[in-house]
Amino acid sequence: MALTLYNTLTRTREAFEPRDPERVTMYVCGPTVYNLIHIGNARPIVVFDVLYRLLREAWPQVVYARNITDVDDKINAAAQANGESIGALTARFTEAFHTDLAALNTLPPDVEPRATDHIEGMIRMIRTLIDSGHAYEADGHVLFDVNSMEGYGRLSGRQLEDLLAGARVEVEAYKKDAADFVLWKPSTDELPGWDSPWGRGRPGWHLECSVMAETHLGETIDIHGGGQDLIFPHHENEIAQSTCAHHGAEFARYWLHNGYITVDGEKMSKSEGNFFTLRDLLQQYHGEVIRLALLCGHYRQPLDWSPATVEQARSALDRFYQSLRNATDTRVADSEQSIPDDVREALEDDLNTPLALRHLHATATALNKATDPAERHRLKAELLGGAGLLGLLATPVEEWFRGAGDSDGPSAEEIDALIAERREARGRRDFARADAIRDDLAARGITLEDGPGGTTWRRSARAEVTGQQA
RNA sequence: GGCCAGGUGGCAGAGUGGUUAUGCGACGGCCUGCAAAGCCGUUCUACGUCGGUUCGAUUCCGGCCCUGGCCUCCA
């Protein structure tokens, strides 16, 4: 497989070659579980899910780790604000995270380590860093000494002097250098804490990822992914910790970062408040619609989120599903699905999902046109296989059309009865009655389609219903 | 101030040194009792701006303008 990936570390596209072809490793930064994730948080999950699927096509074993951060000051604050225990809060939002992601048809990672299960490893790594002169204890804290490391700042492309010049935060007096970051900090009795050689305390943010990657994937991992906003300081600091703790061994060979979701051109972020939670979006749209919306643009480009973005994704999916619905004459077993070369090649080219979708559209068009049974079978198998690599078209066709839109419309039983009545009316050539039934259903959000195999129906998209009423 | 992305047709969004992206939308036709879906065709002379290189640039180089981001928690 000729996979090319853009590596943030070198700022170039590179041919991907796993360190060990028998065991490809990928680590993606997961959520801090203190609230519901928003669509911006979902983007990397979906993007790297596609990469995971692609890698699994080419290599026998891919180990994908995605962490859960369940110790963090934001968690402490949220628990206190809710009057809820920290354990209950993190359990609740971990569960919510899993539920929301399942709706997006993402594969579970092979390992989902939790920070609180790795405290021992963190303490061990801190000790190694202190012993090797890369960390120091000061005022109850343990800090990483950025000046002890050659090449600090390489990933984010910045010099220590620049960091100082731009520092907007008051520098703690105990830091030797303003850029030094916390590995361990003291906890009060009320806060979560663990005993350590430096007293009862809790880990700094960046440390957990270094330790969990080491524990589950080894000292050197192939791919490390996350959103662009993690490049600095999070990933920069992970590199510092891991590289120094492993005596210079390379931490991650390919660094991948997805672009932001924006709203009206501005970055979506929790602190700005301009975000949509995935939970809310799932109330309005099928998970596949949201998934496709995320894949409509290249992963490294910003993606502006608006109702139009999602409606467009829905239209595209309707088209794909319609194509499948028009091809019920040929059955494709799961084992018969095949990935078209052009779709695979588009994804191998730094995950060019828009180009892959273009090929999928061409496949759908060809399927709509094809008359030869063998060709129809092949095209349907390719449409399903190609879409499957993107994690799409996973919903049974009838469920797609009948379950879409508002759920408070007429029931399937009522619709079927009306269709039967209408068929009878059409048989009598009583078109006035037949059309009345169809118009009545249309007004209630149901579209009828008379095909060679009889009449099928679909729930109209919400926007269409609104549009007709307006 | 330092650093980094990006500016493509009505919208979304790939890509390429010379030949159709694609989807959505709009318009016309075929099909249909009429529709819907599908198919065919058309539409918008698309590539921020000014120079340069070139036989030829949206595509390479440089200046400029604009937008967004990072330098602080953030996917």
Side-chain angles (χ1 to χ4, degrees), chain A residues 8 11 28-32 34 37-48 72-74 77 153 156-159 161-170 178-179 205 225-234 236 257-262 264-272 275 292-293 296-298 300-304 306 308-323 325-327 346 349 352-362 364-365 367-369 401 426 429-432 434-435 438-439 442 446-452 455-458 460:
Chain A
T8 307
R11 296 178 200 287
V28 174
C29 289
T32 301
Y34 70 104
I37 66 164
H38 61 63
I39 188 66
N41 304 116
R43 188 178 194 186
I45 310 281
V46 168
V47 164
F48 292 108
D72 183 275
D73 288 353
K74 289 192 293 290
S156 53
R158 56 195 82 203
Q159 311 290 320
E161 309 84 81
D162 300 336
L163 293 177
L164 277 174
R168 279 188 261 158
V169 186
E170 204 176 324
W205 174 36
Q228 278 175 356
D229 44 359
L230 294 181
I231 295 174
F232 188 90
H234 187 52
E236 195 70 73
H257 294 96
N258 61 275
Y260 299 118
I261 297 283
T262 58
D264 296 328
E266 308 264 305
K267 178 189 172 188
M268 178 184 290
S269 73
K270 287 182 179 172
S271 51
E272 292 297 318
F275 60 87
L292 179 58
C296 275
H298 185 87
R300 283 193 282 114
Q301 296 304 125
L303 178 70
D304 202 62
S306 71
T309 309
V310 203
E311 292 301 336
Q312 191 166 298
R314 191 223 301 276
S315 297
L317 273 174
D318 275 342
R319 179 175 139 81
F320 287 133
Y321 276 107
Q322 187 69 48
S323 187
R325 197 184 210 185
N326 292 343
D349 185 12
N352 193 336
T353 52
L355 188 58
L357 287 165
R358 175 211 126 117
H359 295 314
L360 235 40
H361 273 112
T365 301
L367 174 58
N368 288 338
K369 278 195 280 193
F401 287 111
R426 291 179 76 204
R429 300 193 65 77
D430 180 0
F431 295 121
D435 290 352
R438 187 172 62 197
D439 293 346
I446 304 298
T447 303
L448 297 189
E449 296 169 8
D450 298 327
T455 299
T456 55
W457 60 272
R458 64 204 285 180
S460 310

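Numbered from 1 within each chain, the chains take letters A, B, ... in sequence-line order.
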Salt bridge (charged side-chain N to carboxylate O under 4.0 Å, His left out) partners for A:Glu449, two or more places apart: A:Arg325, A:Arg458
Whole angstrom value for the distance that separates C1' of B:A36 from CG of A:Asp318: 13 Å
Sugar-phosphate only, base, or nothing, as touched by A:Glu266 at under 4.0 Å among non-hydrogen atoms: sugar-phosphate
Residue met sooner reading RNA chain B from 5', once A:Leu230 and A:Arg319 are mapped to nucleotides: A:Arg319
Distance-only donor-acceptor test (3.5 Å): side chain A:Asp229, base B:G69: no
Side chain of A:Arg429 - closest among B:G33, B:A75, B:A14: B:G33
Sugar-phosphate only, base, or nothing, as touched by A:Asp450 at under 4.0 Å among non-hydrogen atoms: base
Selection from B:C34, B:C11, B:A75 that lies nearest to any side-chain heavy atom of A:Arg438: B:C34
Gap between atoms CG and P, on A:Asn258 and B:C70 respectively (whole Å): 14 Å
Sugar-phosphate only, base, or nothing, as touched by A:Phe232 at under 4.0 Å among non-hydrogen atoms: sugar-phosphate
Sugar-phosphate, base or nothing in reach of A:Gly451, heavy atoms under 4.0 Å: nothing
Beyond-backbone contact of A:Arg438 with A:Asp450, side-chain heavy atoms, under 4.5 angstrom: yes
A:Asn41 vs A:Phe275 side-chain heavy atoms within contact, under 4.5 Å: no
Sugar-phosphate, base or nothing in reach of A:Gly265, heavy atoms under 4.0 Å: sugar-phosphate
For A:Thr353, all residues meeting side-chain contact (heavy atoms from CB on, under 4.5 Å), sequence neighbours excluded: A:Leu295, A:Leu347, A:Leu390
Heavy-atom donor-acceptor pair, A:Asp304 side-chain to B:C11 base, under 3.5 Å: no
Whole-Å C1' distance, B:C31 and B:C40: 11 Å
Heavy-atom side-chain contact between A:Leu357 and A:Leu292 under 4.5 Å: yes
Contacts of type ring pair (Phe, Tyr, Trp, His ring centres under 6.0 Å), residue A:Tyr321, not counting sequence neighbours: A:Trp400
Within-4.5 Å side-chain heavy-atom neighbours: A:Glu272 and A:Lys267: no
Along RNA chain B (nearest heavy atom to each residue), the more 5'-positioned of A:Asp349 and A:Gly40: A:Asp349
Student check: side-chain heavy atoms of A:Asp72 and A:Tyr34 closer than 4.5 Å: no
CD-CG distance between A:Gln322 and A:Leu367, expressed to the nearest 0.5 angstrom: 11.0 Å
Nearest listed nucleotide, side chain of A:Asn41, among B:A75, B:C39, B:G15: B:A75
Atom pair distance, as rounded to whole Å: CH2 in A:Trp457 and P in B:A37: 17 Å
Value in whole Å for how far the P atom of B:A75 lies from CG of A:Leu303: 17 Å
Euclidean distance, atom CG of residue A:Leu360 to atom P of B:A14 [Å, nearest integer]: 16 Å
A:Glu311 CD to B:G23 C1', straight-line distance once rounded to whole Å: 15 Å
Residue pair A:Ile231 / A:Thr8, side-chain heavy-atom distance below 4.5 Å: yes
Non-neighbouring partners of A:His234 that pass ring pair (Phe, Tyr, Trp, His ring centres under 6.0 Å), sequence neighbours left out: A:Trp205, A:His206
Structure string for RNA chain B in dot-bracket form, Watson-Crick and G-U at under 3.5 Å, | interchain: (((((((..(((.....[...)))((((((.......))))))....(((((..]....))))))))))))....
Any A:Lys267 side-chain nitrogen or oxygen under 4.0 Å from OP1 or OP2 of B:C70: yes
No-H, no-angle donor-acceptor pair, A:Arg426 side chain to B:G33 base, under 3.5 Å: yes
Sugar-phosphate, base or nothing in reach of A:Ile231, heavy atoms under 4.0 Å: nothing
B:A37 OP1/OP2 closer than 4.0 Å to side-chain N/O of A:Asn368: no
Between P of B:C34 and CG of A:Leu448, the distance in whole Å: 17 Å
Residue A:Phe431, side-chain atoms from C-beta onward, closest of B:G33, B:C73, B:G23: B:G33
Sugar-phosphate only, base, or nothing, as touched by A:Gln322 at under 4.0 Å among non-hydrogen atoms: sugar-phosphate
Euclidean distance, atom CZ of residue A:Phe320 to atom P of B:G23 [Å, nearest integer]: 9 Å
Side chain of A:Asp435 (C-beta onward), nearest among B:G33, B:U22, B:G69: B:G33
Heavy-atom side-chain proximity of A:Met268 to A:Tyr260 below 4.5 angstrom: no
Polar side-chain contact A:Arg43-B:A75 base: donor and acceptor under 3.5 Å: no
Sugar-phosphate only, base, or nothing, as touched by A:Thr32 at under 4.0 Å among non-hydrogen atoms: nothing
Among B:A12, B:A75, B:A37, the nucleotide that comes nearest once only the side chain of A:Met268 is considered: B:A75
Polar atom pairs between nucleotides 2-10 of chain B and protein, under 3.5 Å, N or O only, would you list them?
unit_1 : atom_1 : unit_2   : atom_2 : d
B:G2   : O2'    : A:Asp162 : OD2    : 3.1

